[in-house]
Amino acid sequence: MAKEIITERSVDYSAWYNDIVRNANLAETSPVRGCMVIKPYGFGIWEKMKAQLDSMFKETGHTNAYFPLFIPKSFLSKEAQHVEGFAKECAVVTHHRLMNSPDGDGVVVDPDARLEEELIVRPTSETIIWHTYKNWINTYRDLPLLINQWANVVRWEMRTRPFLRTAEFLWQEGHTAHATKEEAIEESRMILDLYAKFAEEWMAMPVIKGIKTANERFAGADETFTIEALMQDGRALQSGTSHFLGQNFAKAFDVTFQNQNNREEHVWATSWGVSTRLMGGLIMTHSDDDGLIVPPKLAPIQVVIVPIPKPNGEIDEAAEKIIKALKDRGISVKYDRDKKKRPGFKFNEYEMHGVPVRLGLGKRDLANNQVEVARRDTMEVKSVNLDGVVDYIDNLLVEIQDNLFQKAKLFRDEKTTSVDTFDDFKSVLESKGGFISAHWDGTTETELKIKELTKATIRCIPIDQEDEAGTCILTGKPSERRVLFAKAY
RNA sequence: GCAGGAGUAGCUUAAUGGCUAAGAGCACUAGGUUUGGGACCUAGGGGGUGUCAGUUCGAGUCUGACUUCUUGCACCA
């Protein structure tokens, strides 16, 4: 019988989440507040995500570059909205040298080594990038400039949670410059579609594409687009954002280009990013009380072969055949020959790690020319003839990927409720949670009032939905369309 | 940042302010017996209790500060 080492979701969702992060070897805490160590298995998943996203960026014409970790303090104050948005959570470098402590114990900051201009550890790189772009952009022929960087950023968060909110996190940030407003908007919309496609087809995580309200918009943006996912506890997770920055940064950093009519114009900008927060989304979209579940397309190990009861020549030989055939199809496979662990232990361990497919191979199977195939998503186990097993697995991985998405989508749809009164809003939020589609009068004041009364925020104004006239659930004022509310991470 | 809770071996944990006792289970090491859903036996190794200071004849046990984790609030991706 399985030991209870993962807290059940229904008992304590937060504890369940933390148990998965720890027991599936995704990450652990570090001595630095809010900063985590991403362990090899967890990083393996991130690397797969990163590889896919990177190739999607390249396919759409972007190239990678790298900008400094440190940003001169003065840069941050150039865009008023931007600095307001980040000032409270910046790490600041003030000195450049340590010295032996005068009282002989350890080291202290050398007071003589104060920096002339203090440096900010980037919370995001708009400022230093726009400073740089000024020199890169002269003429319309230099546009569009389509650059992405993979980097770490720091936001000094007061309250952190593994992956979902950490002081330091990994992400990609795209920063593009365009000759026209239309082209910049199109870029930010294109990236939004790219993110949604990635979330749904690779992470098997259904998302709602939408527009952020003014209140939830990125500091310094004219428009923020978002993909919003729904977690198993009924809370929403902002999973990626794409910003149309207008000419705000171009003006702040004086980035202009000469157009075809020989006139100087400010460029139009976008920025967009997804982070290691997606790992949190992955965990909370699919996993269960037995541990992590990783969609096949992102699994560091897609198939594991467990010899039963222990490896021997005959089993090794059969396993090697399967391994070769799977690898030929680009399927990653691990053969666990560890003799110290019994099969039952291994079963539980790989379930904990979310390996999509497990093969059990023993004398009994070989005698029947069969192999036992177990799928992680449904926990079904069945015997499959060895001759067709590679085809079977190939299809099964596709089926698991699809099943995870369908299951998550069904959950999300069931947890999305339309309401027309504030009483219904409150009761649905209380009893059921999830997304609530409701009319809103369009004002920040009402949005904040609803947040104050219910803790729910407007996650987005969905893009793929019909306009529908109605009245605001709080004020009764006219509304042109429904927006999506939820309690959020 | 505020308010709770908590830091004893890698993990889970025991130990009234005291007999010159930090005890266990899992994990680990060695050997053996086992092996189709987290095996068992025997023998071992590992901790001075998050850090610093204080109270005391005596401190995992009490006090203070700091630090990390955690829950909630506020803030944010």
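Quick note on labels: first sequence line is chain A, next is B, and so on, each numbered from 1. Bear in mind that the values here come from a model prediction, so they are computed numbers and not experimental data.
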Can you list everything that forms a ring-ring contact (aromatic ring centres under 6.0 Å, His included) with [X]? Sequence neighbours excluded, please.
| X | value |
| --- | --- |
| A/His62 | A/Trp272 |
| A/Tyr41 | A/His353 |
| A/Phe253 | none |

What's [X] touching, base or sugar-phosphate or nothing? Going by heavy atoms closer than 4.0 Å.
| X | answer |
| --- | --- |
| A/Glu157 | base |
| A/Gly280 | nothing |
| A/Leu237 | nothing |
| A/Ser275 | base |

Return each pair, listed once, that meets side chain to side chain donor-acceptor pair (under 3.5 Å) where at least one residue sits in residues 77-91 of chain A; pairs must be two or more places apart or across chains. none
Does a side-chain N-to-carboxylate-O contact under 4.0 Å join [X] and [Y]?
| X | Y | result |
| --- | --- | --- |
| A/Lys340 | A/Asp338 | no |
| A/Arg217 | A/Asp222 | no |
| A/Asp288 | A/Arg9 | no |
| A/Glu228 | A/Lys209 | no |
| A/Lys39 | A/Glu28 | yes |

For [N] versus [M], give the span between their [atom1] atoms, rounded off to a whole number of Å.
| N | M | atom1 | result |
| --- | --- | --- | --- |
| B/rA22 | B/rU67 | P | 32 Å |
| B/rA59 | B/rC75 | P | 46 Å |
| B/rG50 | B/rU68 | P | 16 Å |
| B/rA6 | B/rA14 | P | 12 Å |

Just to be sure I understand the geometry, which residues of [range] put a non-hydrogen atom under 4.0 Å away from RNA chain B?
| range | value |
| --- | --- |
| residues 445-463 of chain A | A/Lys451, A/Lys455 |
| residues 362-377 of chain A | A/Gly362, A/Lys363, A/Arg364, A/Asp365, A/Glu372 |
| residues 166-177 of chain A | A/Thr166, A/Phe169 |

Those residues that, when tested against [X], pass side-chain contact (heavy atoms from CB on, under 4.5 Å) (two or more places apart):
| X | value |
| --- | --- |
| A/Ala15 | A/Thr7, A/Asp12 |
| A/Thr160 | A/Glu157 |
| A/Asp233 | A/Tyr13, A/Met231, A/Arg235, A/Tyr489 |

Looking just at side-chain N and O atoms, do A/Asn385 and A/Gln370 make a donor-acceptor pair shorter than 3.5 Å? no
Among B/rU35, B/rG38, B/rU71, the one nearest any side-chain atom of A/Arg159 is B/rU71
For B/rA21, does the glycosidic angle fall within 90° of 0 (syn) or outside that (anti)? syn
For the backbone of [Y] and the side chain of [X], can you confirm whether one donor and one acceptor N or O come within less than 3.5 Å of each other?
| X | Y | value |
| --- | --- | --- |
| A/Ser242 | A/Ser188 | yes |
| A/Asn403 | A/Glu399 | no |
| A/Trp440 | A/Thr443 | yes |

Could you write out RNA chain B as a dot-bracket string, with dots for unpaired bases, | for bases paired across to another strand, and Watson-Crick or G-U pairs counted at under 3.5 Å? (((((((..((((....[....)))).((((((.....)))))).....(((((..]....))))))))))))....
Looking at [X], I'd like to know whether one of its side-chain N or O atoms comes within less than 4.0 Å of OP1 or OP2 on [N].
| X | N | result |
| --- | --- | --- |
| A/Asn18 | B/rU71 | yes |
| A/Arg161 | B/rU71 | yes |
| A/Ser14 | B/rU71 | yes |

Look at the side chain of A/Arg22 and the base of B/rG10, then say whether one donor and one acceptor between them are separated by less than 3.5 Å. no
Whether the side chain of A/Glu351 and the base of B/rG37 hold a donor-acceptor pair under 3.5 Å is what I'd like checked. yes
Could you check whether A/Phe435 and A/Phe485 have their ring centres less than 6.0 Å apart? no
Any protein N or O atoms within reach of nucleotides 39-49 of chain B? Criterion: under 3.5 Å, listing atom names and distances.
| residue | atom | partner | partner atom | Å |
| --- | --- | --- | --- | --- |
| B/rA39 | OP2 | A/Arg342 | NH1 | 3.1 |
| B/rA39 | O4' | A/Arg342 | NH1 | 2.6 |

